[in-house]
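Starting from 1, each residue takes its place in the sequence as its number.
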Amino acid sequence: MHTYLRYLAMLPYEEQLYWQSFNEWPKSNISKRAWENDILEKVSAEIDQLYELKRQVQPLDRDPPVWWKKSGEDIVEGFAIKGLRTIITDRKGSFEKEWRALKLLEVALSLSERTEQQAKMVVAPLKNLHNLRNLAKARGDSKGRRQAIAAARWTHGTLRKHFQDLIELMRKSMKEILSDPVGPNPT
């Protein structure tokens, strides 16, 4: 979390001392978006990938197809197991009872005009996010969490860059899912 000094100056002195105890040096420079919005007081030209991803999901919540359950801002939880099973059955495919939403989504996509490999590639960012979220849970595997953080920093340089890249991949996946040529909600 960060704030600007001018906002801290508005707090009562005791509250300032409290927040000072958490102070640490910045770990990076100010973001381009923050510089443009907060300092230059301009509308940032930088695309907010997370905002754009949420915009992709909003129409699904307003008018959910059979494979989607209203989820607010969640993504992985939005895929409805029962609806995905219906699509697989309608497309003459098969599934195992213990398969969860992302595996079912992968199979449903592979039964349209995609190969199994293409379907796996579309669902991969969703699975990656799901796995990372499981590691981040309070009762998650702390060793696995440390390894995931180290891998993200090694690959992307910073956790922020990792987050941005993951969101961009998620947007591409959702675009592919929403453009299923057979129609993700067959009628």
Side-chain angles (χ1 to χ4, degrees), residues 1 31-38 41-137 140 148 152 156 158-187:
M1 183 169 82
S31 71
K32 181 180 177 185
R33 188 207 50 77
W35 176 259
E36 290 175 349
N37 283 353
D38 302 340
E41 296 181 348
K42 292 183 183 176
V43 175
S44 178
E46 192 171 281
I47 295 173
D48 182 341
Q49 297 287 350
L50 182 58
Y51 174 77
E52 293 300 323
L53 177 62
K54 289 177 182 180
R55 281 189 50 205
Q56 280 181 295
V57 173
Q58 285 173 345
L60 295 173
D61 280 348
R62 282 194 298 271
D63 187 21
V66 68
W67 52 268
W68 187 262
K69 59 184 176 182
K70 289 184 180 186
S71 60
E73 296 183 358
D74 294 332
I75 304 232
V76 172
E77 291 81 2
F79 295 102
I81 290 174
K82 184 177 177 183
L84 289 167
R85 287 177 177 162
T86 300
I87 291 170
I88 292 169
T89 302
D90 290 349
R91 292 179 179 175
K92 310 296 185 241
S94 62
F95 55 86
E96 295 183 23
K97 186 178 180 180
E98 67 274 1
W99 286 356
R100 306 307 304 153
L102 295 179
K103 177 63 178 174
L104 293 167
L105 176 63
E106 186 179 300
V107 171
L109 290 171
S110 72
L111 293 170
S112 64
E113 295 179 6
R114 289 182 180 82
T115 65
E116 285 183 32
Q117 186 61 29
Q118 289 170 327
K120 283 182 185 209
M121 288 175 59
V122 169
V123 178
L126 298 166
K127 286 184 175 182
N128 188 8
L129 176 64
H130 184 73
N131 293 336
L132 287 171
R133 199 190 69 195
N134 284 342
L135 288 172
K137 287 181 182 177
H156 301 278
T158 65
L159 294 179
R160 177 178 172 77
K161 178 72 171 121
H162 176 248
F163 174 78
Q164 290 170 331
D165 290 349
L166 181 58
I167 294 299
E168 185 175 344
L169 291 171
M170 295 279 298
R171 284 188 60 211
K172 289 177 182 177
S173 288
M174 287 305 294
K175 183 177 179 181
E176 282 291 316
I177 292 165
L178 293 170
S179 70
D180 187 353
V182 178
N185 190 7
T187 53

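- Annotation: side chain of Gln164 is not in contact with side chain of Glu168 (no heavy-atom distance under 4.5 Å).
- Across all their heavy atoms, Trp99 and Ser94 have their closest contact at CZ3-O, 3.9 Å.
- Taking NZ of Lys175 as the reference point, atom CG of Leu53 lies at 13.5 Å (rounded to 0.5 Å).
- Within the 4.5 Å cutoff, no side-chain heavy atoms of Asp90 are placed close to those of Leu111.
- Rounded to the nearest 0.5 Å, atoms CE (Met170) and CG (Leu50) are 9.5 Å apart.
- Between Lys103 and Glu106, at least one side-chain N (NZ, or NE/NH1/NH2) sits under 4.0 Å from a carboxylate O, which counts as a salt bridge.
- In this structure, Ser112 and Arg91 have side chains that are in contact, with non-hydrogen atoms separated by less than 4.5 Å.
- In this structure, the side chain of Arg85 does not engage the main chain of Leu104 through any donor-acceptor pair within 3.5 Å.
- Counting heavy atoms from C-beta on, the side chains of Leu169 and Leu129 never come closer than 4.5 Å.
- The two residues Ala101 and Leu84 have their closest heavy-atom pair at O-CD1, 3.4 Å.
- The closest side-chain heavy-atom distance from Thr89 to Phe95 is below 4.5 Å.
- By the 4.5 Å heavy-atom criterion applied to side chains, Phe163 and Leu159 are not counted as neighbours.
- Shown here for Asp61 and Lys69, the closest heavy-atom pair between the two residues is OD1-O, 4.0 Å.
- In this structure, Gln117 CD and Ser110 OG are separated by 11.5 Å, a value rounded to the nearest 0.5 Å.
- For CD of Gln118, the number of neighbouring non-hydrogen atoms (other residues, nucleotides, ligands) closer than 6.0 Å is greater than 12.
- Taking 4.5 Å as the limit, every side-chain heavy atom of Asp63 sits out of range of all side-chain heavy atoms of Trp68.
- Here CG of Leu166 is found 8.0 Å from NE2 of His156. Values are rounded to the nearest 0.5 Å.
- Between Ala148 and Leu132, the shortest heavy-atom distance links the atoms CB-CD2, 4.0 Å.
- The shortest distance between side-chain heavy atoms of Asp165 and Lys161 falls below 4.5 Å.
- Taking every heavy atom of both residues into account, Ala119 and Leu109 meet most closely at CB-CB, 3.9 Å.
- Although no hydrogens or angles enter the test, the distance criterion places a donor-acceptor pair under 3.5 Å between the side chain of Asn131 and the main chain of Lys127.
- In this structure, Ser173 contributes its side chain and Val122 its backbone to a donor-acceptor pair below 3.5 Å.
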Go through the steps for Trp67 and Thr86 under the test side-chain contact (heavy atoms from CB on, under 4.5 Å), then give the verdict.
CA-CA 8 Å; Trp67 52 268; Thr86 300; over 6 Å; no
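- The residues Glu176 and Lys172 are annotated as not salt-bridged, no charged nitrogen and carboxylate oxygen being separated by less than 4.0 angstrom.
- Side chain of Gln56 to main chain of Arg171: a donor-acceptor pair is present (N/O by atom type, distance under 3.5 Å, no hydrogens or angles).
- The structure places CZ of Arg100 at 13.5 Å from CG of Leu105, a figure rounded to the nearest 0.5 Å.
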